[in-house]
There are 4 protein chains.
Amino acid sequence: MPHTDTARLLIACDDQPGIVAAVAGVLAAHGANIISLDQHSTDEEGGRFFQRTVIHLEGLTARRPELEASITEVAERFGMDWSLHDTSKRKRVAIFVSKYDHCLMELLWRTQRGELDIDVTMVISNHPDLAESVRSFGVPFMHIPAGDKAAMEARQLELLQGNVDLVVLARYMQILTDDFIERLGAPVINIHHSFLPAFIGANPYARAKERGVKLIGATAHYATADLDEGPIIEQDVTRVTHAESAAELQRRGADVERYVLARAVKWHAEDRVIVHGRSTVIL
Amino acid sequence: MPHTDTARLLIACDDQPGIVAAVAGVLAAHGANIISLDQHSTDEEGGRFFQRTVIHLEGLTARRPELEASITEVAERFGMDWSLHDTSKRKRVAIFVSKYDHCLMELLWRTQRGELDIDVTMVISNHPDLAESVRSFGVPFMHIPAGDKAAMEARQLELLQGNVDLVVLARYMQILTDDFIERLGAPVINIHHSFLPAFIGANPYARAKERGVKLIGATAHYATADLDEGPIIEQDVTRVTHAESAAELQRRGADVERYVLARAVKWHAEDRVIVHGRSTVIL
Amino acid sequence: MPHTDTARLLIACDDQPGIVAAVAGVLAAHGANIISLDQHSTDEEGGRFFQRTVIHLEGLTARRPELEASITEVAERFGMDWSLHDTSKRKRVAIFVSKYDHCLMELLWRTQRGELDIDVTMVISNHPDLAESVRSFGVPFMHIPAGDKAAMEARQLELLQGNVDLVVLARYMQILTDDFIERLGAPVINIHHSFLPAFIGANPYARAKERGVKLIGATAHYATADLDEGPIIEQDVTRVTHAESAAELQRRGADVERYVLARAVKWHAEDRVIVHGRSTVIL
Amino acid sequence: MPHTDTARLLIACDDQPGIVAAVAGVLAAHGANIISLDQHSTDEEGGRFFQRTVIHLEGLTARRPELEASITEVAERFGMDWSLHDTSKRKRVAIFVSKYDHCLMELLWRTQRGELDIDVTMVISNHPDLAESVRSFGVPFMHIPAGDKAAMEARQLELLQGNVDLVVLARYMQILTDDFIERLGAPVINIHHSFLPAFIGANPYARAKERGVKLIGATAHYATADLDEGPIIEQDVTRVTHAESAAELQRRGADVERYVLARAVKWHAEDRVIVHGRSTVIL
């Protein structure tokens with residue numbers, strides 16, 4: 001991955017003729033080379049257009065203001081939402097966790113191995129149990145015990161505001177308030193231990209066992225007020241049989257959770273995910 | 001598959017010591033060789049024991065009564081439900097269909113190719129559209145138009161009672177009444193076009209598209225009064241992306257439906273499926 | 001799928017700045033709207049650039065010559081290979097088959113159901129067995145018995161030359177000569193019954209059983225002189241166990257072959273496949 | 001998993017009538033309850049019979065000698081190979097590693113979490129790099145630098161003989177000699193970074209990229225003299241595209257390697273794997 005002098009341009013607007021040409025023209029005029037371009041148009045009535053373009057531009061930092069000015073111009077013409085992400089700036093990530101460590105460890109481990117291009121700047125937990133594991137990765141661990149919800153969230157926001165670009169709930173067994181999500185001002189990714197919308201809510205493995213399903217799964221999604229209803233980023237499943245107990249389903253499911261969450265965080269870190277209503281476009 | 005002189009013995013009873021030995025002893029005493037034996041014990045409190053044994057016995061037909069007498073004896077001792085299926089007797093199957101032909105054709109085609117060890121004795125439809133396709137396989141096609149539910153079911157039952165061992169709903173877009181299922185006296189397998197329990201009910205593909213799921217699936221289950229709640233026999237999924245429309249999800253899903261239903265019917269035909277409450281044991 | 005006035009533009013050239021902008025500019029200048037655009041650059045030294053663009057242009061047929069003139073201009077500047085495919089013109093396909101019918105039937109069936117946007121113009125076989133099945137789809141069946149290779153291929157070429165855009169070998173158990181492939185002047189897709197490059201050559205299922213593999217697969221590829229070495233279009237696998245005999249592996253594998261070949265033909269029919277040396281780019 | 005007073009009985013012999021009954025009879029006579037029983041008969045001419053039986057016997061340790069005496073008797077009658085494994089005795093495992101840590105860490109981590117029922121008694125490496133990571137799990141790390149092969153293997157054997165029940169090569173980039181494997185007297189599991197028999201030998205990811213395959217995989221197998229030819233325990237694959245570089249294939253493949261090796265070690269630890277010629281039976 002070449003990091004220097006590359007950036008990712010995300011745009012979304014109502015579908016109309018000439019968008020690709022207009023954007024490519026602006027980039028070419030500034031000497032930016034298109035490394036990759038992915039776009040998607042919904043085919044609904046009054047459809048929506050999405051594009052992710054990775055560009056290379058010698059001296060990006062110095063020339064960024066003039067490039068942004070030109071993009072702003074074309075964006076106004078087409079009514080675009082857009083953002084430009086310097087690939088050399090890693091997203092700062094806080095991970096929330098309770099007692100289950102498998103999703104947390106997968107993220108810390110992959111980050112350490114250079115597979116996830118993020119900076120884990122802190123881990124926040126309502127239990128002290130995982131402090132040592134986290135700190136062995138050189139990552140600060142903050143213990144904020146469960147208690148008065150408002151006080152708890154206030155302390156969390158103190159730590160987070162301005163300091164993170166993303167919060168990941170790695171099997172954090174607490175519900176976040178709407179108010180928290182709004183004041184946070186950064187996206188939140190949650191991992192749910194079922195193939196949503198099947199088994200929305202608590203105890204999905206026990207209910208999967210009881211229902212006799214032949215596959216169990218996991219879902220990574222952006223957290224919204226309604227916890228299990230946010231836009232889905234990634235899902236996967238694994239085959240199970242009658243011979244596996246609910247406890248074994250939980251162990252098997254933990255593996256799926258690890259992978260699904262890691263993939264979702266990776267895609268988000270690479271600016272591949274655009275929210276579109278209740279769903280997502282992955283470019 | 002050796003058909004002559006082989007049979008499948010299914011048993012289910014409360015778990016207790018000595019079951020395998022007792023059954024194996026009876027079989028050995030009659031000179032029956034065990035070709036394969038699969039068993040499963042639920043590990044719940046007061047668990048349940050299931051066993052499927054394929055046996056070979058020279059002169060099976062003649063010696064069956066005495067074998068059954070001995071099995072009855074041991075079954076009474078252990079409180080077993082049991083059944084003995086001569087593998088040379090194919091199950092007689094009626095397929096119900098409306099206008100979608102993909103599941104129907106998959107079953108007819110596999111039967112013709114010798115991959116499904118069943119006899120399709122009739123196809124019943126509320127639409128005349130598929131008559132020619134069905135009859136080209138040498139299978140009778142009965143058109144019973146939708147209308148008065150009671151009259152319709154009465155005509156269906158006339159055709160079915162005593163003539164079939166299994167009814168398969170191959171995307172039959174009508175609901176069967178409890179009364180029908182009860183009077184039929186044979187199991188009914190339905191294919192539902194979603195990964196149950198996600199998207200229970202109508203229009204699952206449109207709802208999957210709207211919800212932005214990353215996998216779509218299909219579920220084959222025994223039909224019960226509550227249509228989408230019967231014991232699940234088989235499920236599978238396939239990966240989809242934002243780029244696929246609801247119509248494309250439906251086409252992609254049709255492939256999964258074909259396979260899932262074919263597998264479920266195959267397992268049922270081979271006496272591999274035992275219902276256990278709301279779930280199934282596949283041996 | 002909107003067919004009227006839409007076309008697919010495929011281009012391949014050495015990677016260099018400004019390609020996307022130049023092509024988008026030409027299209028915009030002619031009033032063509034970009035429906036979708038996928039591109040890929042290999043990241044090798046002296047890399048290669050590939051792009052597939054689906055466009056909509058009112059009055060395509062009438063305005064095609066002037067559009068082609070402009071594309072030719074830009075293509076010369078960048079040293080592009082390119083082709084423009086009117087989506088309303090279905091590719092004419094000949095299917096070669098021997099005695100196995102599963103791949104053939106899958107293609108005929110999907111074509112009939114509108115899932116494959118091709119015209120099957122003839123089926124050629126060295127055995128007469130499948131004549132009736134083929135003709136029931138309204139497709140001509142030509143029986144050219146195996147014998148003198150040169151004479152056989154001469155008769156096949158008489159039927160094919162100028163009449164087909166693609167030949168599909170649907171488990172055709174004969175080898176084609178280099179000379180035949182060259183004189184045919186149309187691409188040939190073959191389905192190989194293994195996960196290539198494992199089990200190159202004959203009897204892959206028997207060898208898979210003997211080797212104790214846990215997955216079996218199939219590979220669809222463009223046929224070249226060296227039969228099992230052509231560029232791979234699609235592959236898939238399915239899980240198997242020790243309990244399955246070589247004959248069962250073959251049955252299980254037949255299902256994978258059906259799907260893999262159907263997907264490869266679909267992608268080719270939609271102009272999604274570009275050959276790049278020994279591999280392919282799927283856009 | 002109930003550990004106390006449970007054992008696993010593995011048997012293998014030529015197929016013949018009465019085996020299941022004879023074994024079940026012996027177990028019943030000693031008051032051992034069958035918790036689960038899996039068997040498999042190859043259907044070859046002069047086939048082979050395999051059975052894995054998990055039993056519960058109050059006071060197992062004290063009563064083991066008399067049970068073994070009875071099993072010996074029946075084993076002699078049928079010409080059985082057999083072994084009885086007390087489930088409370090974890091297998092002692094040595095892991096060999098070079099510089100890649102992903103497979104090693106997966107095994108250490110799962111063992112720590114109680115998902116792998118083994119004791120990792122030592123890690124042996126020809127590089128010092130991973131010493132700290134290993135010791136943080138409380139596991140001894142032995143650095144035996146590469147050099148004179150005979151001397152190196154002699155030192156390894158000193159550490160291993162009598163101390164381990166299994167050696168796992170977790171991406172150990174050195175070849176073991178026949179002599180070493182023989183003198184070790186314990187099975188060796190290796191993880192190969194391809195879907196064997198495709199890409200036997202070195203650099204499978206580079207060769208997979210060059211060949212343009214659409215799936216990459218990993219294979220866990222017992223190591224034999226001919227390194228990539230030993231009996232396969234487990235394999236899996238993941239889908240890749242033209243857009244992924246050889247380096248990305250390697251990263252994607254590393255995830256498959258982790259899971260495939262973890263599953264193979266788990267099955268071996270649970271006495272589920274019986275070698276049958278060049279293949280394995282998994283019960």
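Values reported hereafter were calculated over all heavy atoms of this structure, with side chains retained and with hydrogens, waters and symmetry mates removed. Here is the naming used below: chain letters follow the sequence lines, and residue numbers restart at 1 for every chain.
- Partners of D/S83 by side-chain contact (heavy atoms from CB on, under 4.5 Å), not counting sequence neighbours, listed by chain and number: D/L10, D/H85.
- Counting only distance, with no hydrogens or angles, the side chain of C/R272 and the backbone of C/L283 share a donor-acceptor pair below 3.5 Å.
- Both the backbone and the side chain of C/T280 come within contact range of chain D, with heavy atoms under 4.5 Å apart.
- Among the candidates D/R278, D/Q235, D/E210, the residue making the largest number of heavy-atom pairs closer than 4.5 Å to chain C is D/Q235.
- No more than 12 heavy-atom neighbours from other residues, nucleotides or ligands sit within 6.0 angstrom of OH on D/Y100.
- Highest contact tally toward chain D, considering only C/E234, C/H40, C/H242, is held by C/H242 [criterion: heavy-atom pairs under 4.5 Å].
- For D/R252, the side-chain contact (heavy atoms from CB on, under 4.5 Å) partners at least two apart in sequence or on another chain are D/I216, D/T238, D/V240, D/E244.
- No part of C/R207 comes within reach of chain D, as not one of its non-hydrogen atoms sits under 4.5 angstrom from that chain.
- Residue with the most contacts toward chain D among C/G212, C/S279, C/P197: C/P197 (heavy-atom pairs, distance under 4.5 Å).
- Between C/L107 and the choices C/V97, C/I118, C/V168, the side-chain contact (heavy atoms from CB on, under 4.5 Å) rule is met once, by C/V168.
- With a threshold of 4.5 angstrom between heavy atoms, C/I233 approaches chain D through N, CA, C or O but not through any side-chain atom.
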